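Below is one structure, written out as C-alpha cells, with a few remarks after it.
None of these values were measured; they are calculated from a predicted model.
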Amino acid sequence: MDFDATWKKYWKMLYLELEQSNGGSANAPLLTHYTSLSNLENILQKEQVWLSNPLFMNDLEEVRFGVNHGIDLTYTNEALRKALVTDTRTNLFYDAIDQSYDQYGNEQVLDLYVMCFSEHDPHDQDGRLSMWRGYGANGKGAAIVFDVSDLKETDSSPLALAPVHYASQQQRKSELQGKIEGVADFIHKNDIPDEHIGNLARELFNRIALYAVFSKHDGFDEEREWRLVYFKDRDTTNALAPYLSYFNGPDGLQPKLKLDLKPIEGVLSEDIGLAKIIDRIIIGPSASSPLAKMTAERMLRALGRGDLIHRLVMSSIPYRDS
C-alpha cells in the first residue's frame with residue numbers, strides 16, 4: 001500500500017484551516033513589538049530579538065488549557081474509539097498520544113520559545129493605548145514596527161509566524177472536538193495499517209499543541225496578536241541550537257532563544273537585517289518630548305543605527321499613568 005497519498009490527505013485535513021489563514025511572513029501585516037527602552041537598545045545594539053519560554057509568560061495557562069483539554073477530549077471521544085475498532089489499534093493510538101504528551105511536557109515545552117507582536121495599522125503613528133499600558137513599560141517604552149512581508153521562510157524552518165486565534169473556552173473545546181472527530185472519520189473511511197496508527201496519533205497531538213500555542217481567550221482579542229514560535233522538534237538540523245541561551249534577570253535565570261537578525265541556513269532564505277525589516281520605531285507617549293526625541297536620535301547614532309533616525313516617531317497620545 002502506498003501510504004504517502006493517504007498521509008497527505010490526513011495532513012491536509014488536520015492543517016487545512018492554517019493554510020487558509022494569513023500565516024507566514026509573506027502574508028503578515030505590519031507587526032509591532034511593544035517593549036522597554038532598554039530592550040529597544042539591546043535589539044538595536046545586538047541586532048537580535050529574544051524569544052521567551054511560555055513557562056515564564058502570562059500565557060502559560062492558555063497553552064496548558066489547549067494541550068490538556070485536547071488530550072482529555074481525545075481520550076473521551078467515542079467516535080474515535082469506535083473508528084479504531086480493535087483493542088490492538090486502540091492501544092497503539094493512545095500509547096502514541098501518551099508518549100507524545102510525555103515528550104512534550106518533559107522536553108519540547110522546555111525549549112518552546114515565543115515572541116509576541118500586535119497587528120499594526122499602517123497609518124498609526126501613535127500605537128495603541130492598551131498595548132502601551134500592558135506591554136510598553138506603561139507608556140515609557142517603545143513600539144518597534146516590523147515589516148516582514150518580503151521575507152521567505154524555508155520549508156524546513158523551525159520558526160512559525162501566525163496570528164492568534166481568539167475564542168471562548170467553550171468554543172476552543174468545540175473546535176478541538178471537531179478536529180478529533182475529523183481524525184475519527186478519517187480512520188473510519190481509510191484503510192490505515194496498524195503500523196501507521198501511532199503516526200496518526202502523534203500528528204494529532206502535534207496539531208493540538210500547535211492549536212494551544214496559537215489560540216487565546218477572546219477577552220484578549222483587542223491585542224490582535226501574532227506570534228513567532230520556535231518548535232524544537234522541527235529543528236531537525238539544530239539550526240537554531242547555537243541561539244539557545246539564558247537571561248539572568250530580576251526574576252532569576254530564564255531560558256531564551258536569542259535570535260540574530262541575519263541569514264540563518266535552514267531557517268530564513270533571505271537577509272533580514274534591521275534596516276530591511278524595521279518600518280518605524282515609536283517612542284511611548286510618557287517618554288515623548290523634544291528632549292526625548294533628541295536623546296533617542298543620539299542613541300541611534302551611538303549604536304551605529306543612524307540609518308533608522310528617519311523612522312523614529314514620537315507617540316502623541318495624551319497619556320496618563322492611571
Side-chain angles (χ1 to χ4, degrees), residues 23-26 28 31-60 63 103-118 135 142 144-162 164 206 209-210 212-214 225-279 281 303-305 308:
S25 60
L31 299 175
T32 301
H33 181 64
Y34 289 82
T35 188
S36 65
L37 287 172
S38 61
N39 195 36
L40 167 65
E41 182 182 18
N42 185 63
I43 290 171
L44 296 173
Q45 185 175 47
K46 298 181 179 179
E47 294 202 48
Q48 186 181 78
V49 294
W50 292 7
L51 283 71
S52 300
N53 188 287
L55 296 174
F56 293 91
M57 297 170 63
N58 294 333
D59 293 332
L60 171 61
V63 175
Q103 185 180 32
Y104 184 82
N106 295 323
E107 299 177 27
Q108 293 181 24
V109 78
L110 300 181
D111 269 330
L112 175 69
Y113 295 96
V114 178
M115 185 174 181
C116 302
F117 303 89
S118 179
Y135 306 100
I144 310 170
V145 184
F146 293 97
D147 181 355
V148 298
S149 59
D150 289 335
L151 301 184
K152 295 179 181 178
E153 302 96 336
T154 64
D155 292 338
S156 59
S157 177
L159 296 174
L161 177 68
V164 167
N206 290 339
L210 188 66
V213 172
F214 285 104
E225 185 176 348
W226 282 60
R227 289 179 174 176
L228 177 66
V229 181
Y230 168 73
F231 295 97
K232 185 178 177 65
D233 62 309
R234 297 186 183 182
D235 195 1
T236 56
T237 64
N238 291 320
L240 292 185
Y243 302 95
L244 297 176
S245 188
Y246 70 94
F247 172 62
N248 187 6
D251 297 321
L253 291 172
Q254 296 183 18
K256 296 286 183 181
L257 174 61
K258 297 182 178 180
L259 183 65
D260 288 346
L261 298 175
K262 66 180 185 181
I264 301 174
E265 185 176 355
V267 181
L268 289 168
S269 60
E270 293 188 8
D271 191 351
I272 59 168
L274 284 177
K276 181 174 183 178
I277 65 173
I278 289 185
D279 179 83
I281 300 170
L303 295 174
R305 302 307 322 191
L308 298 177

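Side-chain contact between Ile264 and Leu259: present, with at least one pair of heavy atoms (C-beta onward) separated by less than 4.5 Å. Residues Thr32 and Tyr135 form no side-chain contact, since every pair of their non-hydrogen atoms from C-beta on lies 4.5 Å or further apart. Counting heavy atoms from C-beta outward, Val49 and Ile144 have side chains that stay 4.5 Å or more apart. Side-chain contact between Leu31 and Leu228 is absent, with no heavy-atom pair separated by less than 4.5 Å.
Smallest separation of non-hydrogen atoms from Ala28 and Ser149: O-CB, 4.4 Å. Closest of all the heavy-atom pairs between Gly266 and Pro158 is O-CD, 4.0 Å. Nearest heavy atoms, Phe231 versus Ala160: CE1-CB, 3.9 Å.
Interatomic distance, Leu257 CG to Trp50 CH2, rounded to the nearest 0.5 Å: 11.5 Å. Here Leu159 contributes atom CG and Met115 contributes atom CE; the two are 11.5 Å apart, rounded to the nearest 0.5 Å. For the atom pair CZ of Phe146 and CD1 of Ile277, the computed distance is 5.0 Å after rounding to the nearest 0.5 Å. If you take CG on Leu112 and CD on Glu107, they are separated by 13.5 Å, rounding to the nearest 0.5 Å.
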_Quick one, Leu51 with Val114, criterion side-chain contact (heavy atoms from CB on, under 4.5 Å). Give me CA distance, side-chain angles, the key distance, then yes/no._
CA-CA 5 Å; Leu51 283 71; Val114 178; 5.9 Å; no
*Could you go through the side-chain contact (heavy atoms from CB on, under 4.5 Å) check for Leu37 and Leu40 one step at a time?*
CA-CA 5 Å; Leu37 287 172; Leu40 167 65; 4.2 Å; yes
_Please evaluate residues Arg227 and Val164 with respect to the criterion side-chain contact (heavy atoms from CB on, under 4.5 Å), reporting the C-alpha separation (whole Å), side-chain torsions for both, the decisive distance (0.1 Å), and the verdict._
CA-CA 7 Å; Arg227 289 179 174 176; Val164 167; 3.7 Å; yes
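The salt bridge (charged side-chain N to carboxylate O under 4.0 Å, His left out) check on Asp233 picks up nothing, with sequence neighbours excluded. Residues meeting the side chain to side chain donor-acceptor pair (under 3.5 Å) test with Asp279, sequence neighbours left out: none. Taking the side chain to side chain donor-acceptor pair (under 3.5 Å) definition, one finds that Lys256 meets it with Ser52, sequence neighbours left out. In terms of the side-chain contact (heavy atoms from CB on, under 4.5 Å) criterion, residue partners of Asn39 (sequence neighbours excluded) are, by chain and number, His33, Thr35, Ser36, Asn42, Ile43. Considering only residues two or more places apart in sequence or on other chains, Tyr104 meets the ring-ring contact (aromatic ring centres under 6.0 Å, His included) condition with Phe205. Partners of Leu110 according to the side-chain contact (heavy atoms from CB on, under 4.5 Å) rule, which considers only residues two or more places apart in sequence or in another chain, are Leu55. Scanning for ring-ring contact (aromatic ring centres under 6.0 Å, His included) contacts around Phe214 gives an empty result, with sequence neighbours left out. Take Tyr113 and apply the ring-ring contact (aromatic ring centres under 6.0 Å, His included) test, not counting sequence neighbours, and it matches no residue.
Screening residues 43-54 for salt bridge (Lys or Arg N to Asp or Glu O under 4.0 Å) gives Glu47-Arg305 as the qualifying pairs, with residues at least two apart or on separate chains. For residues 235-246, no pair satisfies salt bridge (Lys or Arg N to Asp or Glu O under 4.0 Å), with sequence neighbours left out.
Side-chain N or O atoms of Lys258 include one that pairs as donor or acceptor with a backbone N or O of Tyr246 at under 3.5 Å.
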